[in-house]
Amino acid sequence: MKQGLDRRAVLAAAGALPLSASLPARAQGTAAFRTMPLWPGKPPGGERVTAVQKQVERQPATADGNYTVEHVTMPTLSMLKPARPNGAAMLLLPGGGYRFVSMGNEGFPVARRFAEAGYTCFVLLYRLPADRWAAGSDVPLQDAQRAVRTIRSMAGREGYDPQRIGVAGFSAGGHLAAWLSTRAPRQIAAPIDAIDRQSPLVNAAAFIYPVITLRDPLAHQGSREQLLGIDAPADRIAAYSLEENVIATPPPAVLVHALDDTAVPWRNSMLMAEALLARKSPVELHLLESGGHGFGLGADKPAVAMWPDLTAAFFQRHGV
């Protein structure tokens with residue numbers, strides 16, 4: 001029996017089995033998350049911030065906590081180590097329209113699923129752009145860059161390859177993941193320690209029902225207003241529309257979108273896929289029959305439930 005279970009784990013690591021079959025039942029759901037501050041002390045640029053961080057509980061309750069966080073003032077990374085590491089790490093960026101961060105739907109359960117496949121997973125609770133941080137609209141990117149640098153700095157200690165780091169983002173978190181991975185890195189604030197000297201580049205990316213363009217008619221209005229304000233000028237809208245100015249060599253990327261998504265139209269993913277193809281970058285696009293928006297793992301929606309397996313197989317084919 002033990003030999004059979006080990007073989008299933010090996011096959012899953014190679015992409016031949018779905019993630020749900022990747023570990024014996026006794027090993028699933030046993031690892032605990034370890035949460036760490038993203039920055040030493042207070043995060044940078046908070047002199048004008050008066051917002052108070054607020055956690056909002058959702059139903060149904062889960063063991064890891066089904067909640068969203070508004071007005072984030074203390075960004076964190078929550079790490080989940082796999083029982084059988086595959087040597088790669090994954091950063092997860094939950095969505096929330098840049099108004100809150102959906103930790104319970106697109107963070108913890110997704111981390112558990114990918115940890116089953118061997119990934120050391122990190123869920124980022126990132127700051128939000130409308131709370132008067134000095135970095136303004138760029139504050140989520142500042143946290144995402146810091147997260148990748150932190151993950152890379154921990155690789156030797158935690159047992160994964162610093163050149164095998166993927167990112168997966170959902171909805172507005174998908175915008176943040178694309179911003180992180182398809183635009184040229186830039187310094188948002190002065191480095192404060194050795195971690196800030198690490199590279200913020202990722203080696204593969206997944207954009208799940210992502211916000212990509214901020215232009216009408218395909219823009220998600222709520223994300224655009226939180227990021228840029230109600231009456232953003234056309235040049236600002238263009239600057240934060242991620243189908244533009246893609247770097248020459250973006251990482252391999254997989255995109256997943258439901259065709260019945262009425263919140264973020266599926267053509268957002270099409271725009272990103274076309275931009276990546278123009279750069280001759282490896283890209284895979286899955287437009288699925290149904291599932292709506294914000295389906296997370298999609299466990300109760302058969303048309304989208306296989307997206308984690310598709311993503312893991314794509315990452316594995318490209319070395320992550």
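Just so it is clear, the model here is predicted, and its values are computed rather than measured. For the single chain, residues carry numbers from 1 onward in sequence order.
Using a 4.5 Å cut-off between side-chain heavy atoms of Ile, Leu, Val, Met, Phe, Trp and Tyr, with links allowed through other members, Leu285 and Leu310 fall into different hydrophobic clusters. No single ILVMFWY cluster, assembled from side-chain heavy atoms under 4.5 Å apart, contains both Leu201 and Phe122. Taking hydrophobic clusters as Ile, Leu, Val, Met, Phe, Trp and Tyr residues chained together by side-chain heavy-atom distances below 4.5 Å, Val139 does not share a cluster with Leu124. Note on Leu180 and Ile247: separate hydrophobic clusters, where clusters join Ile, Leu, Val, Met, Phe, Trp and Tyr whose side-chain heavy atoms are under 4.5 Å apart, directly or indirectly. Side-chain heavy atoms closer than 4.5 Å link hydrophobic residues (I, L, V, M, F, W, Y) into clusters, and following such links, possibly through other members, connects Leu287 to Leu277.
For Arg146, the salt bridge (Lys or Arg N to Asp or Glu O under 4.0 Å) test picks out Asp193, Asp196, with sequence neighbours left out.
Proximity of Asp161 to Val320: side-chain heavy atoms (C-beta onward) are nowhere separated by under 4.5 Å. Taking the side chain as every heavy atom from C-beta outward, Arg236 and Ser137 approach each other to under 4.5 Å. Side-chain contact between Glu284 and Arg317: present, with at least one pair of heavy atoms (C-beta onward) separated by less than 4.5 Å. Leu288 has its side chain within reach of His286: a pair of non-hydrogen atoms, C-beta onward, lies under 4.5 Å apart. Taking the side chain as every heavy atom from C-beta outward, Gln163 and Arg152 approach each other to under 4.5 Å. Here the side chains of Leu297 and Val110 are in contact, with some heavy-atom distance below 4.5 Å. Within the 4.5 Å cutoff, the side chain of Met154 has heavy atoms near those of the Met36 side chain.
In this structure, CD1 on Ile230 lies 11.0 Å from CD on Gln221, to the nearest 0.5 angstrom. Annotation: the span from Leu141 atom CG to Ile188 atom CD1 amounts to 4.0 Å, rounded to 0.5 Å. Between the CG atom of Leu128 and the CH2 atom of Trp133 there is a distance of 10.0 Å, given to the nearest 0.5 Å. Here the CG atom belonging to Leu176 is positioned 5.0 Å from the CG atom belonging to Leu93, to the nearest 0.5 angstrom. Atom CG of Leu214 and atom CD1 of Ile212 lie 9.5 Å apart (nearest 0.5 Å). Taking CD of Glu158 as the start and NZ of Lys81 as the end, the distance is 4.0 Å to the nearest 0.5 Å.
In this structure, Ser153 contributes its side chain and Thr150 its backbone to a donor-acceptor pair below 3.5 Å. A donor-acceptor pair under 3.5 Å is formed between the side chain of Asp260 and the backbone N or O of Gly291. Listed for the Arg164 side chain is a donor-acceptor partner under 3.5 Å among the backbone atoms of Gly319. A donor-acceptor contact shorter than 3.5 Å is absent between the side chain of Glu289 and the backbone of Ala303. The closest donor-acceptor contact from the side chain of Arg149 to the backbone of Ile195 lies at 3.5 Å or more, if one exists at all. Between the side chain of Tyr209 and the main chain of Ala263, no donor-acceptor pair closer than 3.5 Å is present. A distance-only check finds a donor-acceptor pair linking the side chain of His175 to the backbone of Tyr240 [under 3.5 Å]. The closest donor-acceptor contact from the side chain of Asn203 to the backbone of Ile165 lies under 3.5 Å. Although no hydrogens or angles enter the test, the distance criterion places no donor-acceptor pair under 3.5 Å between the side chain of Arg58 and the main chain of Asn66. Put simply, the side chain of Asp261 gets close to the backbone of Val264: a donor and an acceptor are under 3.5 Å apart.
In this structure, Phe100 and Glu70 approach most closely via the heavy-atom pair CB-CG, 3.8 Å. Across every non-hydrogen atom of Ala111 and Val123, the tightest pair is CB-CG2, 3.8 Å. The shortest non-hydrogen separation linking Gly107 to Pro94 is CA-CG, 4.0 Å. The heavy-atom pair separating Val202 from Ser181 by the smallest distance is CG2-CB, 3.6 Å. Minimum heavy-atom separation, Met74 to Leu125: O-CD2, 4.0 Å. Between Ser269 and Pro210, the shortest heavy-atom distance links the atoms OG-CD, 3.1 Å.
Enclosure of atom CG in Asp216 by more than 12 non-hydrogen atoms of other residues, nucleotides or ligands within 6.0 angstrom is indicated.
Using a 3.5 Å distance cut-off with no hydrogens or angles, the side chains of Gln55 and Glu57 do pair a donor with an acceptor.
Ring planes of His220 and His293: parallel class, angle under 30° (limits at 30 and 60°).
Considering Asn268, Val211, Asn105 as possible partners of Ser171, the one that fulfils the side-chain contact (heavy atoms from CB on, under 4.5 Å) test is Val211.
Listed by first and then second residue, the side-chain hydrogen bond (donor to acceptor under 3.5 Å, both in side chains) pairs that reach into residues 35-49 are Thr35-Ser78, Trp39-Asp143, sequence neighbours excluded.
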Note to self: With side-chain contact (heavy atoms from CB on, under 4.5 Å) as the criterion, how do Thr76 and Leu38 come out once you've worked through the C-alpha distance, each side chain's angles and the decisive distance to 0.1 Å?
What the structure shows: CA-CA 5 Å; Thr76 59; Leu38 186 64; 5.8 Å; no
Next item on the list: Under the side-chain contact (heavy atoms from CB on, under 4.5 Å) rule, what do Thr182 and Leu276 come out as? Steps first, then yes or no, please.
Entry: CA-CA 8 Å; Thr182 69; Leu276 294 169; 4.1 Å; yes
Next item on the list: Under the side-chain contact (heavy atoms from CB on, under 4.5 Å) rule, what do Arg113 and Asp309 come out as? Steps first, then yes or no, please.
Entry: CA-CA 10 Å; Arg113 184 75 178 271; Asp309 303 312; 3.7 Å; yes
Next item on the list: Please report the C-alpha distance between Ile208 and Phe295 in whole Å, then the side-chain angles of each, then the deciding distance to 0.1 Å, and finally whether the side-chain contact (heavy atoms from CB on, under 4.5 Å) criterion is met.
Entry: CA-CA 9 Å; Ile208 314 302; Phe295 50 74; 4.2 Å; yes
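Taking the six-membered ring where the residue is Trp, the centroids of Trp179 and Tyr126 are separated by 6.0 Å or more.
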